[in-house]
Novice: 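Starting off with a structure, shown below.
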There are 2 protein chains.
Amino acid sequence: MTYSIGDVVKKTGLSAYTLRYYEKEGLLPFVKKNASGVRAYSDEDLRWLTMIECLKDSGLQIKEIRQYIEWFNEGDSTLAQRLSLFENRRKILEKEMARLTVVMNKIRYKELLYREAVRVGNLDIATNERRFMQLKKKLFESPDDFDK
Amino acid sequence: MTYSIGDVVKKTGLSAYTLRYYEKEGLLPFVKKNASGVRAYSDEDLRWLTMIECLKDSGLQIKEIRQYIEWFNEGDSTLAQRLSLFENRRKILEKEMARLTVVMNKIRYKELLYREAVRVGNLDIATNERRFMQLKKKLFESPDDFDK
DNA sequence: TCAACACCTAGAGTCAACTCTAGGTGTTAT
DNA sequence: ATAACACCTAGAGTTGACTCTAGGTGTTGA
């Protein structure tokens with residue numbers, strides 16, 4: 001079973017431009033072409049696209065994904081490199097989630113503050129309400145940095 | 001108390017290029033310049049930079065940050081727009097954290113799998129071990145999509 | 001047979017967010 | 001008074017990841 005580029009566009013949601021671009025960048029080294037140069041994607045190629053999507057979602061750049069694919073093709077001699085890629089990624093994702101948690105707190109504070117400001121029709125009044133001053137103190141080391 | 005651009009570079013970690021770029025893009029509409037054109041940043045400007053950093057961290061583009069600053073300068077008539085910006089951001093951050101949680105699962109699975117593969121010296125053996133097949137089934141709807 | 005259609009390549013264009021260059025001004029230490 | 005230094009502007013260049021254009025090929029239904 002093989003698929004035309006149009007089929008793969010429908011299956012993946014990627015554009016045909018993007019699929020050709022990925023190939024040019026070495027992300028799909030196995031895609032076959034028929035006698036007249038038309039691509040015929042295999043199920044294996046589709047699985048690679050799923051993996052590429054995951055690696056992209058985890059924040060890898062295209063050249064890093066290409067590196068991973070090259071390692072994969074070199075076989076078991078590159079297991080250690082691939083393990084260390086996933087370890088690093090996991091650590092980076094942990095940091096990213098911690099970062100987002102901090103940002104989320106700040107944005108939630110702003111949302112609450114502005115909800116109150118809309119209610120009373122004035123930002124300064126809301127900002128100076130005791131409960132918002134306490135909330136700010138609780139959430140931030142240096143609360144004055146957060147009044148813009 | 002005012003600060004030269006060099007002082008602000010040290011305080012914020014942003015480059016002087018970036019600070020001038022932000023100003024050109026309308027993110028720092030209040031920075032004063034002395035008679036010979038040299039920037040003198042105020043504490044107020046530094047607080048804006050803190051806010052800009054937060055908005056950038058939350059994923060806003062520079063033109064969206066400029067919009068926010070413009071709304072701020074228009075005063076209480078734009079409270080509703082600003083509230084809705086923060087609401088949207090909070091929702092986007094929630095989605096982003098959910099997305100990262102899913103990605104994290106996949107990457108952690110890969111890390112475990114490769115740790116085992118390194119231990120036994122062969123990827124296929126690790127992949128076919130009962131405990132990894134079960135783990136894969138538990139983690140993913142379509143486990144075969146995840147063998148690359 | 002001929003128009004519509006899906007596909008092809010090479011290479012140019014776009015966008016965001018910087019980052020740097022060239023050429024100049026103003027201030028300060030020796 | 002001159003060299004070093006920090007600063008200035010306008011505008012060009014960079015990077016990553018696409019996205020599109022121009023010009024062409026191959027297949028298929030009326």
Side-chain angles (χ1 to χ4, degrees), chain A residues 2-42 45-46 48-69 89 92 96 99 103, chain B residues 2-42 45-46 48-69 89 92 96 99 103:
Chain A
T2 67
Y3 311 89
S4 73
I5 201 167
D7 297 336
V8 179
V9 166
K10 278 170 216 144
K11 271 176 187 288
T12 63
L14 297 169
S15 74
Y17 299 139
T18 303
L19 287 166
R20 294 194 199 101
Y21 167 68
Y22 282 178
E23 206 176 322
K24 195 155 56 176
E25 293 299 312
L27 302 195
L28 295 164
F30 303 127
V31 176
K32 297 274 188 300
K33 295 185 185 179
N34 73 15
S36 45
V38 175
R39 289 171 182 78
Y41 293 82
S42 66
D45 295 325
L46 294 183
W48 268 113
L49 280 169
T50 304
M51 188 67 209
I52 287 166
E53 194 200 352
C54 170
L55 294 174
K56 244 167 48 72
D57 285 351
S58 84
L60 260 77
Q61 292 186 359
I62 271 157
K63 60 185 170 190
E64 298 171 296
I65 300 176
R66 180 181 49 220
Q67 174 68 272
Y68 174 73
I69 291 169
R89 240 343 87 177
I92 287 168
E96 178 64 6
R99 191 185 70 76
V103 173
Chain B
T2 67
Y3 311 90
S4 73
I5 201 167
D7 297 335
V8 179
V9 165
K10 278 170 215 145
K11 272 175 188 286
T12 63
L14 297 169
S15 74
Y17 300 139
T18 303
L19 287 167
R20 294 194 199 101
Y21 167 67
Y22 282 178
E23 206 176 321
K24 195 156 52 178
E25 294 299 312
L27 303 195
L28 295 164
F30 303 126
V31 176
K32 296 276 187 301
K33 296 186 185 179
N34 72 16
S36 44
V38 175
R39 288 171 181 78
Y41 293 82
S42 65
D45 295 325
L46 294 183
W48 268 112
L49 280 169
T50 304
M51 187 68 209
I52 287 166
E53 195 201 350
C54 170
L55 294 175
K56 244 166 49 70
D57 285 351
S58 83
L60 261 77
Q61 292 185 357
I62 271 156
K63 59 185 169 189
E64 298 171 296
I65 300 177
R66 180 182 48 221
Q67 173 68 274
Y68 174 73
I69 291 169
R89 241 340 91 176
I92 287 168
E96 177 65 5
R99 191 185 72 75
V103 173

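Within every chain, numbering begins at 1; the chains are lettered A, B, ... in the order of the sequence lines, protein sequences first and strands thereafter. Values reported hereafter were calculated over all heavy atoms of this structure, with side chains retained and with hydrogens, waters and symmetry mates removed.
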Novice: Base, sugar-phosphate or nothing for B:Glu25? Non-hydrogen atoms, less than 4.0 Å.
Specialist: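 Counting heavy atoms under 4.0 Å across all strands, no contact is made by B:Glu25.
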
Novice: Under 4.0 Å between a side-chain N/O of A:Ser36 and OP1 or OP2 of C:dC8, yes or no?
Specialist: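 For A:Ser36, the contact criterion (side-chain N or O under 4.0 Å from OP1 or OP2 of C:dC8) is not met.
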
Novice: Given atom NZ of A:Lys24 and atom P of D:dC18, what is their separation to the nearest angstrom?
Specialist: 13 Å

Novice: Can you find a heavy atom in the side chain of A:Leu49 that is under 4.5 Å from one in the side chain of A:Leu28?
Specialist: yes

Novice: So, does A:Lys56 get its side chain near the phosphate of D:dC18, meaning an N or O under 4.0 Å from OP1 or OP2?
Specialist: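 Checking D:dC18 against A:Lys56, a side-chain N or O does come within under 4.0 Å of OP1 or OP2.
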
Novice: Between P on D:dA6 and OH on B:Tyr41, what's the gap in Å once rounded to a whole number?
Specialist: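 These atoms are roughly 16 Å apart.
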
Novice: Mind checking whether B:Trp48 and B:Phe30 have parallel, tilted or perpendicular rings, split at 30° and 60°?
Specialist: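 Answer is tilted, since the angle falls between 30° and 60°.
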
Novice: A:Glu64 CD to D:dT15 P: how many Å, rounded?
Specialist: 16 Å

Novice: Could you tell me whether the side chain of B:Ser4 and the main chain of B:Gly6 form a donor-acceptor pair under 3.5 Å?
Specialist: yes

Novice: Does the side chain of B:Arg39 get closer than 4.0 angstrom to OP1 or OP2 of D:dC8 through an N or O atom?
Specialist: yes

Novice: Round to a whole Å and report the spacing from CD of B:Gln61 to P of C:dT14.
Specialist: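 Computing the B:Gln61:CD to C:dT14:P distance gives 18 Å.
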
Novice: Test A:Lys56 against A:Glu53 for salt bridge (charged side-chain N to carboxylate O under 4.0 Å, His left out), laying out the working first.
Specialist: CA-CA 5 Å; A:Lys56 244 167 48 72; A:Glu53 194 200 352; over 6 Å; no

Novice: Rounded to the nearest Å, what distance is computed from the CD1 atom of residue A:Ile52 to the P atom of nucleotide D:dA17?
Specialist: 13 Å

Novice: With respect to the phosphate group of C:dC8, does any side-chain polar atom (N or O) of A:Lys33 fall under 4.0 Å of OP1 or OP2?
Specialist: no

Novice: Passes side-chain contact (heavy atoms from CB on, under 4.5 Å), B:Tyr22 versus B:Ile62? Steps please.
Specialist: CA-CA 8 Å; B:Tyr22 282 178; B:Ile62 271 156; 3.8 Å; yes

Novice: Using whole Å, report how far CG of B:Asn34 lies from P of D:dC7.
Specialist: 12 Å

Novice: Evaluate the side-chain proximity of A:Leu46 to A:Val8: yes if any heavy-atom separation is below 4.5 Å, no if none is.
Specialist: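 They are in side-chain contact.
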
Novice: B:Lys32 has an atom NZ; how far is it from atom C1' of D:dC8, in whole Å?
Specialist: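 It works out to 19 Å between those atoms.
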
Novice: Go through residues 5-21 of chain B and report each residue with a non-hydrogen atom lying under 4.0 Å from DNA chain C, sorted by number.
Specialist: B:Tyr17, B:Thr18, B:Tyr21

Novice: Under 3.5 Å, side chain of B:Arg39 to main-chain N/O of B:Arg20, donor-acceptor pair present?
Specialist: no

Novice: Let me know the distance between CZ of A:Arg66 and P of D:dC18, rounded to the nearest Å.
Specialist: 14 Å

Novice: Below 4.0 angstrom from OP1 or OP2 of C:dA17, is there any side-chain N or O of B:Tyr22?
Specialist: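 The answer is no; no side-chain N or O of B:Tyr22 sits under 4.0 Å from OP1 or OP2.
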
